[in-house]
Amino acid sequence: SWDLGICQAHIPGLLPAVFPLTNIGVAVVASAGNLRPNAPSYGLSTPACESGIIAVGATNKQSQAMPYSNFGFPERLADFVAPGGANIATGFQTTPNPCTDSTDSNTPISAPAVAGAISRVRHRFPSITGVQAAALLKASGQPVNSLWVSANIAQPNLESAFRQATLPQGIMASTATCGQINLSWAAPSILQANEYRVRYASTAAGLEAAAQTVTFQAATSFSIAATQ
């Protein structure tokens with residue numbers, strides 16, 4: 001949840017500590033910063049502006065970018081956005097209203113949400129690194145308009161990430177030509193299949209009743225007779 005203010009000269013000792021981690025695939029996550037209302041020209045706060053560090057801006061509960069959040073410049077955008085605005089619950093108060101939600105609104109709340117999502121992906125797929133888990137979340141995330149720059153930034157979506165990692169993507173069926181229908185798809189991004197099974201029939205009822213099934217090794221295309 002670091003946010004040390006305006007991105008200035010490199011902090012002594014920071015990069016020598018961070019680079020060995022990122023070089024072995026450790027995801028280092030930092031807050032993008034909350035400087036926008038007072039300093040619209042600033043892109044990302046320190047240390048999020050440093051190369052190799054994953055920068056996180058803030059959205060509200062409706063996945064809308066928060067106006068106080070930094071999002072970077074086109075040449076160095078924030079990597080993610082995550083809920084951290086409009087009074088996100090952060091715990092319980094002890095005073096003055098015991099047992100009621102304690103709330104806050106800032107990007108240091110958003111950064112742990114992304115770090116937690118990366119940890120969840122790594123728990124599901126322990127063979128990948130934190131950096132690879134972040135890349136999966138970025139590729140499968142929900143695009144959010146960043147307000148200050150003409151670009152969308154990904155908000156992590158664990159369901160989409162797990163689908164992309166484990167299920168065939170972009171399944172397409174061509175129109176019948178020469179008596180054949182061609183199916184194609186992209187392989188899952190992490191769990192590579194040893195084989196695929198394709199069920200087909202001429203009607204939906206046929207799929208439930210007497211569907212044809214074919215099993216073949218891990219290719220990403222298949223042709224069937226259009227009359228079957």
Side-chain angles (χ1 to χ4, degrees), residues 1-15 17-19 21-22 25-91 102-122 129-158 160-161:
S1 296
W2 297 337
D3 174 4
L4 303 180
I6 299 170
C7 187
Q8 299 176 343
H10 298 313
I11 300 174
L14 175 63
L15 295 186
V18 169
F19 282 163
L21 298 176
T22 57
V26 175
V28 180
V29 183
S31 160
N34 306 312
L35 296 172
R36 274 292 178 180
N38 299 317
S41 62
Y42 295 129
L44 297 171
S45 292
T46 299
C49 59
E50 299 286 3
S51 175
I53 294 181
I54 296 170
V56 184
T59 60
N60 60 17
K61 298 175 184 178
Q62 290 74 42
S63 299
Q64 298 168 328
M66 296 303 295
Y68 60 76
S69 175
N70 291 5
F71 298 105
F73 296 132
E75 60 272 18
R76 175 64 172 103
L77 286 173
D79 300 284
F80 291 99
V81 292
N87 294 326
I88 300 294
T90 59
S102 174
T103 61
D104 205 346
S105 301
N106 53 59
T107 55
I109 296 174
S110 305
V114 171
I118 292 171
S119 297
R120 181 67 185 89
V121 171
R122 285 213 63 225
T129 67
V131 170
Q132 291 171 327
L136 173 62
L137 287 166
K138 195 169 185 177
S140 60
Q142 173 187 345
V144 175
N145 186 277
S146 59
L147 291 179
W148 306 111
V149 290
S150 299
N152 289 328
I153 299 174
Q155 178 163 289
N157 183 312
L158 283 171
S160 295

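Since we're looking at a predicted model, the values are computed, not measured. The first residue of the sequence shown is numbered 1, and numbering continues consecutively from there.
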Taking all non-hydrogen atoms of both residues, which atom of [X] and which atom of [Y] are closest, and how far apart?
| X | Y | result |
| --- | --- | --- |
| Ser51 | Phe19 | O-CE2, 3.5 Å |
| Ala65 | Phe71 | CB-CZ, 3.5 Å |
| Val29 | Ala111 | CG1-O, 3.6 Å |
| Gly130 | Ile118 | O-CG2, 3.7 Å |
| Arg76 | Ala48 | NH2-O, 2.8 Å |
| Ile54 | Ala134 | CD1-CB, 3.7 Å |

Within a strict 4.5 Å, meaning less than it, do heavy atoms of the [X] and [Y] side chains meet?
| X | Y | value |
| --- | --- | --- |
| Ser110 | Val81 | no |
| Leu137 | Leu158 | yes |
| Ile53 | Leu44 | no |
| Gln155 | Thr59 | yes |

Between the CD1 atom in Ile153 and the OG atom in Ser69, the distance rounded to the nearest 0.5 Å is 8.0 Å

Measure the spacing between CG of Asn145 and CD of Gln64 and express it to the nearest 0.5 Å.
-> 11.0 Å

N/O donor-acceptor pair under 3.5 Å between Asn34 side chain and Tyr68 backbone = no

